[in-house]
Each structure stands twice: as C-alpha cells, then as structure tokens.
Protein chains: 2
Amino acid sequence: MIGMKDVKGADSPDLTATATFRLGTVGAYVTDAYTARIDALGFGLRPKHVGLMTVLAAEGPGRSQQDLARGLGVAPSLVVALADHLEGLGAVRRERDPADRRRQLLTLTDEGRALLARCAAIGHELDEELLDGVPRADRERLHAVLAALAGRFGLPG
Amino acid sequence: MIGMKDVKGADSPDLTATATFRLGTVGAYVTDAYTARIDALGFGLRPKHVGLMTVLAAEGPGRSQQDLARGLGVAPSLVVALADHLEGLGAVRRERDPADRRRQLLTLTDEGRALLARCAAIGHELDEELLDGVPRADRERLHAVLAALAGRFGLPG
DNA sequence: GAAAACGATTCATGCTCTGAATGATTCTCA
DNA sequence: TGAGAATCATTCAGAGCATGAATCGTTTTC
C-alpha cells in the first residue's frame with residue numbers, strides 16, 4: 001500500500017506538514033480559548049487589552065501611545081480604544097507628558113497590575129489544561145522555540 | 001540583583017511564560033505572513049479557502065457543506081461563501097447529492113489540487129524563512145507537539 | 001399525507017481594525 | 001522670531017470577516 005496515495009501523480013506537498021499551518025491553526029484555537037476565559041471575567045477584556053497591559057508592564061511606565069502601537073503592531077487609533085477601556089477599569093492611567101504635551105503617557109496602576117496578574121494566572125491555567133499530558137521536556141522545548149521565534153519576529157514579550 | 005524585580009511584592013505570574021501567549025502571538029504573526037503570500041497569488045484566497053481545500057483533499061471527495069463547516073469549525077453560511085469563491089476559480093465542483101438532493105457535495109477538481117499544491121508550497125517556503133537557523137531536531141519536535149495538540153483539539157489536518 | 005427535521009442560501013448585523021481627517025503641540029530653519 | 005512642516009492623540013467612516021435568523025427546497029417521521 002505504500003505510495004498508493006501518489007498513484008495519480010507526483011507527491012503533492014502537504015500543507016499540514018508545515019509549521020506555518022500548525023502554528024496558525026493551533027494558535028487560533030488557543031487564542032479563542034483564552035478569549036473566552038478572560039471574557040468570562042466580565043470586564044470586557046479582549047486579548048489585545050491584555051497585550052497592552054503586558055507591554056506596559058514589560059517596558060516600564062510612561063510609554064506613549066505611539067510607542068505602544070508600534071510595540072503591539074496595531075494602528076495608533078486602536079490603542080486609543082484599548083487605553084480608553086483600560087482607563088475606565090482603572091487599570092491604566094493617562095497623563096500628558098510634561099516634556100511634550102502632545103504625548104499621552106500610559107502607566108499601569110496597581111489595579112492594572114492585579115488585573116494583569118489575574119489574566120496571567122488564567123493563561124497558566126489554560127496551559128495546564130491544554131498541555132496536560134505533554135512531557136515537561138517537550139513543553140520547555142516548545143516554549144524555548146516559540147520564545148526564540150517571537151524575539152526574531154519582534155513580537156511583544 | 002537577583003530577585004530585584006520582586007521587590008514590590010509577590011512574584012507576579014508572567015503571561016509571556018505561557019504557551020498560550022506564545023502560541024497566540026506567534027500563530028497570529030505567521031498567519032498574517034501566510035495571508036500576505038497567498039494574497040499575492042492574485043486569486044483572492046484567504047487562509048480559510050486553503051483550509052477548506054485542505055479538508056477536502058484530506059477527507060476525500062463528496063463532503064457536504066455541513067460536514068465541511070463542522071470540520072473547519074465555522075458556520076455553514078461561511079462555507080457557502082468560501083465554496084462560491086473556489087467554485088468561481090474552478091478549484092471546486094458543486095454537485096447535488098443524488099441520494100439526498102438537499103446536500104451539495106463538494107469535490108476538489110484537478111485545478112483545485114494544483115492550486116492547493118501551490119498554497120502548500122508557499123507554506124513550505126515560509127517555513128524555510130521563518131525557521132531559518134532553527135535546528136532540524138527542534139523543528140521536528142515542534143511539529144510533533146503541534147500535531148499532537150491539533151489532534152487533541154480536533155483541528156483539521 | 002401532514003408535520004417536523006435537515007441542508008443550503010441569503011441577508012442583516014456585529015465586531016475588530018484600519019486609514020483619513022482634525023486639532024493641538026512641537027520642531028525646523030530661514 | 002515666526003511660518004510651515006512634522007508629530008501625537010483622537011474621532012470617524014468604512015472595509016472585512018464571521019455569525020445567526022429567516023427562507024426555500026427536500027427528506028424523514030409517523
């Protein structure tokens with residue numbers, strides 16, 4: 001039976017054998033699951049809100065919205081909406097930069113840090129469920145490769 | 001300096017340390033890159049079109065649109081639009097099931113197979129570029145883990 | 001043979017995101 | 001110094017993708 005599926009012609013390249021395909025489908029699935037979890041918190045949070053808080057926590061306080069937009073890879077106008085919502089939750093503070101009053105400096109508040117911590121905890125819970133049964137060595141290698149790729153692509157984190 | 005970042009309180013759980021976060025961001029990045037490539041083909045193809053062709057190729061001809069919708073995890077009405085477009089390209093054939101004339105049986109044409117092959121080739125090219133420099137052993141392990149997860153989640157492929 | 005169930009299709013709508021236009025502030029440099 | 005270019009945040013209209021309800025034809029059930 002070996003080779004039977006090739007009877008009709010040359011071996012067709014299999015898309016499902018690519019990392020591109022697997023990363024895309026698995027990534028979308030995981031993101032959907034995560035979206036549902038943070039939505040259940042009831043604060044109207046979407047992954048991009050968490051992303052914004054994450055870069056805010058990572059790159060220290062006092063980033064302009066322009067910086068954030070670049071860091072997140074989104075349009076500046078979207079950062080406005082994200083920041084509006086987070087500000088409404090008290091998770092983020094907006095202050096005009098005294099040195100350049102065009103800029104809005106965003107800072108994560110203590111409440112924001114607490115909220116981000118909850119979102120991070122949800123991520124860890126989800127990891128446990130999704131990767132249940134995957135050997136620790138495999139998990140670590142997966143994480144190492146993904147982190148390396150993220151760094152190469154200039155992704156946040 | 002060790003532990004300095006914890007000065008202000010308990011060690012905050014780090015979202016960027018989760019597979020959830022990494023799979024989400026890296027997956028979205030890779031999907032964007034792939035979307036741009038297949039778009040450059042000029043056939044108006046989006047990842048879901050390729051997904052539809054992929055399950056059609058994998059699960060043999062003669063699937064109803066209802067089946068496909070379940071397999072892809074999308075609403076049946078979306079399959080209509082996807083199939084419309086692919087039919088317009090000559091990549092897919094629509095035939096009423098003689099045994100149940102409510103059903104539309106979708107079949108990948110030879111042209112469809114050729115188109116899918118091109119899309120798969122693009123995926124492999126992208127793999128080469130994105131994973132350039134990643135050791136073969138790591139690539140294989142990455143793929144194995146992702147394939148296992150995809151199977152567990154019931155994803156196509 | 002009537003009613004319920006099922007499949008495909010259309011359509012209106014929601015959601016996310018973008019890019020252009022606007023207003024305020026700062027920078028450039030003649 | 002002062003006029004025009006550049007920069008930042010914001011608003012707003014609109015594109016694009018996906019969904020769910022309504023509809024029509026077909027089949028199943030009893």
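Proteins come first, then strands; the chains are lettered A, B, ... in the order of their sequence lines, and each starts at number 1.
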- Choosing from dT18(C), dA8(C), dT10(C), which nucleotide comes nearest the side chain of Asp84(B)?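 Selected nucleotide (nearest to the side chain): dT10(C).
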- Task: Between dT26(C), dT9(C), dT18(C), spot the one nearest the side chain of Pro76(B), thanks.
- Result: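 Among dT26(C), dT9(C), dT18(C), the one nearest the side chain of Pro76(B) is dT9(C).
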- Query: Is the shortest heavy-atom distance from the side chain of Leu130(A) to the side chain of Val30(A) under 4.5 Å?
  - Reply: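 Side-chain contact under 4.5 Å: yes.
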- Could you check if a side-chain atom of Leu41(B) sits within less than 4.5 angstrom of a side-chain atom of Ile122(B), using non-hydrogen atoms only?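 Side chain of Leu41(B) against side chain of Ile122(B), heavy atoms only: contact under 4.5 Å found.
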- Mind checking whether Phe153(B) and Tyr29(A) have parallel, tilted or perpendicular rings, split at 30° and 60°?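 Judged by the thresholds at 30° and 60°, the geometry between Phe153(B) and Tyr29(A) is parallel.
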- Query: 5'-most contact on DNA chain C: Val74(A) or Gln66(B), nearest heavy atom basis?
  - Reply: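 Comparing both residues, the 5'-ward one is Gln66(B).
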- Starting at the 5' end of DNA chain C, which residue's closest nucleotide do you reach first, Leu78(A) or Pro98(A)?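 By nearest-heavy-atom nucleotide position, the 5'-most residue is Leu78(A).
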Starting from [atom2] on [N], measure out to [atom1] on [X] and report it in whole angstrom.
X         : N       : atom1 : atom2 : result
Glu87(B)  : dA8(C)  : CD    : C1'   : 13 Å
Asp100(B) : dG7(C)  : CG    : C1'   : 8 Å
Arg63(B)  : dG7(C)  : CZ    : P     : 13 Å
Arg94(B)  : dT9(C)  : CZ    : C1'   : 9 Å
His49(A)  : dC15(C) : NE2   : P     : 13 Å
Leu72(B)  : dA8(C)  : CG    : P     : 13 Å
Arg102(B) : dT9(C)  : CZ    : P     : 14 Å
Asp32(A)  : dC15(C) : CG    : C1'   : 14 Å

- Sugar-phosphate only, base, or nothing, as touched by Val79(B) at under 4.0 Å among non-hydrogen atoms: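 Answer is nothing: Val79(B) stays at 4.0 Å or more from every strand.
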- Message: Any side-chain N or O of Arg103(B) below 4.0 angstrom from OP1/OP2 of dA8(C)?
- Response: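 For Arg103(B), the contact criterion (side-chain N or O under 4.0 Å from OP1 or OP2 of dA8(C)) is not met.
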- DNA chain D: 5'-proximal contact among Arg96(A) and Lys48(B) (nearest heavy atom):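 Final value for this comparison: Arg96(A).
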- Will you find, in the side chains of Arg103(A) and Gln65(A), an N or O donor that is under 3.5 Å from an N or O acceptor?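 Absent: no donor and acceptor within the cut-off.
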- Find the distance between CZ (Arg141(B)) and CG (Leu142(A)) and round it off to the nearest 0.5 Å.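 Interatomic distance, Arg141(B) CZ to Leu142(A) CG, rounded to 0.5 Å: 11.0 Å.
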- Item | First-last contacting nucleotides on DNA chain D - partner chain B, under 4.0 angstrom, heavy atom |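 Result: dC17(D) to dT27(D).
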- Query: Arg139(A) side chain to Leu131(A) main-chain N or O, any donor-acceptor pair under 3.5 Å?
  - Reply: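 Yes, because the side chain of Arg139(A) sits within donor-acceptor range (under 3.5 Å) of the backbone of Leu131(A).
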- Message: Run the side chain to side chain contact (heavy atoms under 4.5 Å, CB included) test on Leu105(A) and Arg96(A) for me, step by step, so that the C-alpha distance in whole Å, both residues' side-chain angles and the decisive distance to 0.1 Å come before the verdict.
- Response: CA-CA 6 Å; Leu105(A) 301 186; Arg96(A) 288 279 166 195; over 6 Å; no
